[in-house]
Number of protein chains: 2
Amino acid sequence: MTVTIKDVAQAAGVSITTVSRVLSNKGSFYSEKTARKVKKTAEKLGYQKNTAAAELATQKSKAIGVVINSTQTNFSNSIIEGIQQEANEHDLSAIIVYAGVGDAQMQHRAIQTVIERSVKGILLLSVDVSTDDLALLNQAQIPYISLSQAFTDEQISYISSNDLEIGYQATSYLLNKGHRKIGLAGIDVQKNAMTGRNRLAGYEKALAEAGIKPLKKWIQYGDYSYDAGIDAMKKFGEHSGMTAVVAASDMVGIGLLNQAHDYGIAVPDDLSIISIDGTDLCKIVQPQLTSVTQAFFEMGVEGVRALESGRTTKFTSIKIEERGSVKPM
Amino acid sequence: MTVTIKDVAQAAGVSITTVSRVLSNKGSFYSEKTARKVKKTAEKLGYQKNTAAAELATQKSKAIGVVINSTQTNFSNSIIEGIQQEANEHDLSAIIVYAGVGDAQMQHRAIQTVIERSVKGILLLSVDVSTDDLALLNQAQIPYISLSQAFTDEQISYISSNDLEIGYQATSYLLNKGHRKIGLAGIDVQKNAMTGRNRLAGYEKALAEAGIKPLKKWIQYGDYSYDAGIDAMKKFGEHSGMTAVVAASDMVGIGLLNQAHDYGIAVPDDLSIISIDGTDLCKIVQPQLTSVTQAFFEMGVEGVRALESGRTTKFTSIKIEERGSVKPM
DNA sequence: GGTCAAAAAGAAAACGTTTGCAATAGCTAT
DNA sequence: ATAGCTATTGCAAACGTTTTCTTTTTGACC
């Protein structure tokens, strides 16, 4: 029923070898004339390549697997776009599979799926790799890279922002604006990924350098979500005495913003907020959120490049974008 | 290097047939004892199935292809989650390919990619199918369904909201609240998809039933984006006389909201806004946006069900969610 | 026209599964 | 013990490509 290379060969009056060579552009093993003929009949017959067969024959895949944790989706789109663009460049296709949210079993299964498709490399998007996952990954002999999250475990390569630097710069920025009582909201320090712990370390470092010891209540943990922002603000309370907060993500920043609004705390007049991520969300709230912006698109691009060229551990750039949510003391 | 079914067979002292049957759970063609033995050796050797080979042999795929237009990404996540959940249910995996934004060639190529992987079905997410795409799709003999967008072309099955009804209900809701001068912002009526035209028709129908003929300037076209919302509000101007607007999407709604804010127009006191989509974005702006909420997750679920069961054209439910952006006259 | 190298084309094996069919082993009923 | 089952196992072909190795064709040169 489906038309194969064989049908094309027959119709064009050549061997399947020739058809294969023409259709996969294998240099100059054929004449221009036959090439034209083959291409035309292929077109006419509506031939579609069978990737499964090709990959089986060549023993290599033209696909990269992307495993994505669907929780923090507001920046993963940018990463995926970066991946997609660079993949196109290398004539690769991306197979994206969702790992659910916080479901260890589903996540394991997602990894399994891409491995079984014997992709040439795996990109892990905000995936909190477990020991089991790691074992599976290593056994499969397929290169993999974590995107946007760093791990202590030496064997996990990653491409991400330098989270310590993020925490440090965000906090320093506020210090430079004259703030002294600075909070940190929404970070998660329980995960395998180092993200939360590193940002916290950066925050503490900047504060320490300024001779400030943060009160315990200045630091509110959470899962980077909008609700975590709301909760953090509630924990801070209406009269915290704090003048500025570093939000662990844009969503946390917005949660903070809205709860502050409910409390009648004006941003940035009464409270300054700087959020981490710098996605488009920052621009659609009022006031717009000043942010430490990460280079998500670039992470995607660099991810596939690293897969192509061998492993690399690398930080992507960050920059502070000033909008309207921070005011000097 | 990679361990195959053959290695497992050898190590376990059985034929590859038996291994194949055990590992793919083919009923009771083997004894419990051998099954255990095979499974154990497979595990020990770190065997991973080669999906390409399996799909080639069975002539059928356990994957569905999802082609997604990356523009309107704020609701596609929900759809994808629905797809993913239902796919898991059916032991299917989803291959997601991005079609870029408004790049006809890249879109065509994305469709090509999933076809070449001979998936068992294709889901098109907010893809504005062109004539060329359609030809390709039809020729491939693979069932496909458009999600979230309907087309006039009879041959394109779709699962989406009833856009006429959306426009009608949104407008009627405002009419019931006593509004008379009602605008419509951000719709696109140029595309192949009927979305924009249907919503416009619903809007006009509701107005007509109330005996109102909309002024030309009440209707502002756009591409469903945040900027389209900003632009629309600018076109409306500071003194439009309108008391309510239907926004073509949440992003448009937020654009409207912010530009209104800049003009010193209070929402909902001076202007009511109802937006179409009802994603989480509605809840993170101030005031929260009242919306006609679409069942995106359900679209995803129904999409893979339809692919499993044969084609269906079907509308998913919509409902109005009252939040803070509409006020009775 | 004959020689020879280069270019073009083809035959066949290989990739790792699944599966129809054949073969064997293990029973039960005689 | 034997025929006749059934439950289990194995052989070998098939899936649609790619690629190595051979063979054929072409055409440039004398």
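Order of the sequence lines sets the chain letters (A, B, ...), proteins ahead of strands, with each chain counted from 1.
Within the 4.0 angstrom heavy-atom criterion, base atoms lie near S20(A). When heavy atoms are screened at a 4.0 angstrom cut-off, T58(B) is found touching the sugar-phosphate backbone but no base atom.
Between K6(B) atom NZ and dG10(D) atom P the separation is 15 Å, expressed in whole Å. Counting to the nearest Å, the C1' atom of dC11(D) and the CD1 atom of I16(B) are 9 Å from each other. Between the P atom of dT17(D) and the NZ atom of K60(A) lies a distance of 18 Å, rounded to the nearest Å.
Residue Q10(B) places its CD atom among 12 or fewer non-hydrogen atoms of other residues, nucleotides or ligands, all under 6.0 Å distant.
By the side-chain contact (heavy atoms from CB on, under 4.5 Å) test, Q190(A) is found to be paired with D188(A), residues two or more places apart in sequence or in another chain being considered. For T279(A), the side-chain contact (heavy atoms from CB on, under 4.5 Å) partners at least two apart in sequence or on another chain are N74(A), F75(A), D250(A), D277(A), L281(A), F296(A). Residues satisfying the salt bridge (charged side-chain N to carboxylate O under 4.0 Å, His left out) criterion with E89(A), sequence neighbours excluded, are absent altogether. Remark: D128(B) pairs with Q149(B), F151(B), K191(B), N192(B), A193(B) by the side-chain contact (heavy atoms from CB on, under 4.5 Å) rule, at least two apart or across chains. Residues satisfying the side chain to side chain donor-acceptor pair (under 3.5 Å) test with E302(A), not counting sequence neighbours, are R305(A), K314(A). Partners of T58(A) under the side-chain contact (heavy atoms from CB on, under 4.5 Å) rule, at least two apart in sequence or in another chain, are K60(A).
Axis orientation changes by 40° from one end of the helix from dG1(C)-dC30(D) to dT30(C)-dA1(D) to the other, with each end axis drawn from 5 pairs and the value rounded to 10°.
Residues from residues 40-48 of chain A that place a heavy atom under 4.0 Å from any atom of DNA chain D, listed by number: Y47(A), Q48(A).
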I'd like a list of close polar pairs between nucleotides 6-9 of chain D and the protein, N/O only, cut-off under 3.5 Å.
residue	atom	partner	partner atom	Å
dT9(D)	OP2	S31(B)	N	3.0
dT9(D)	OP2	T34(B)	OG1	2.9

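Residue pairs meeting the salt bridge (Lys or Arg N to Asp or Glu O under 4.0 Å) criterion with at least one partner in residues 42-57 of chain A, sequence neighbours excluded, are E55(A)-R117(B). For the salt bridge (Lys or Arg N to Asp or Glu O under 4.0 Å) condition, the pairs that include at least one residue of residues 90-106 of chain A, sequence neighbours left out, are K62(A)-D91(A), D91(A)-R109(B).
Nearest-nucleotide assignment on DNA chain D puts the 5′-proximal partner with G13(B), out of G13(B) and A57(B).
A donor atom on one side chain and an acceptor atom on the other are not found under 3.5 Å apart for N69(A) and Y98(A). Side-chain atoms of D132(B) and S130(B) form no donor-acceptor pair, as typed in the model, at a separation below 3.5 Å. A donor atom on one side chain and an acceptor atom on the other are found under 3.5 Å apart for H90(B) and E86(B).
A cation-pi arrangement, defined by a distance under 6.0 Å to the six-membered ring centre and an angle within 45 degrees of its axis, is present between R21(B) and F29(B).
Extent of DNA chain C lying under 4.0 Å from chain A heavy atoms, first and last nucleotide in 5' to 3' order, is dA8(C) to dG16(C).
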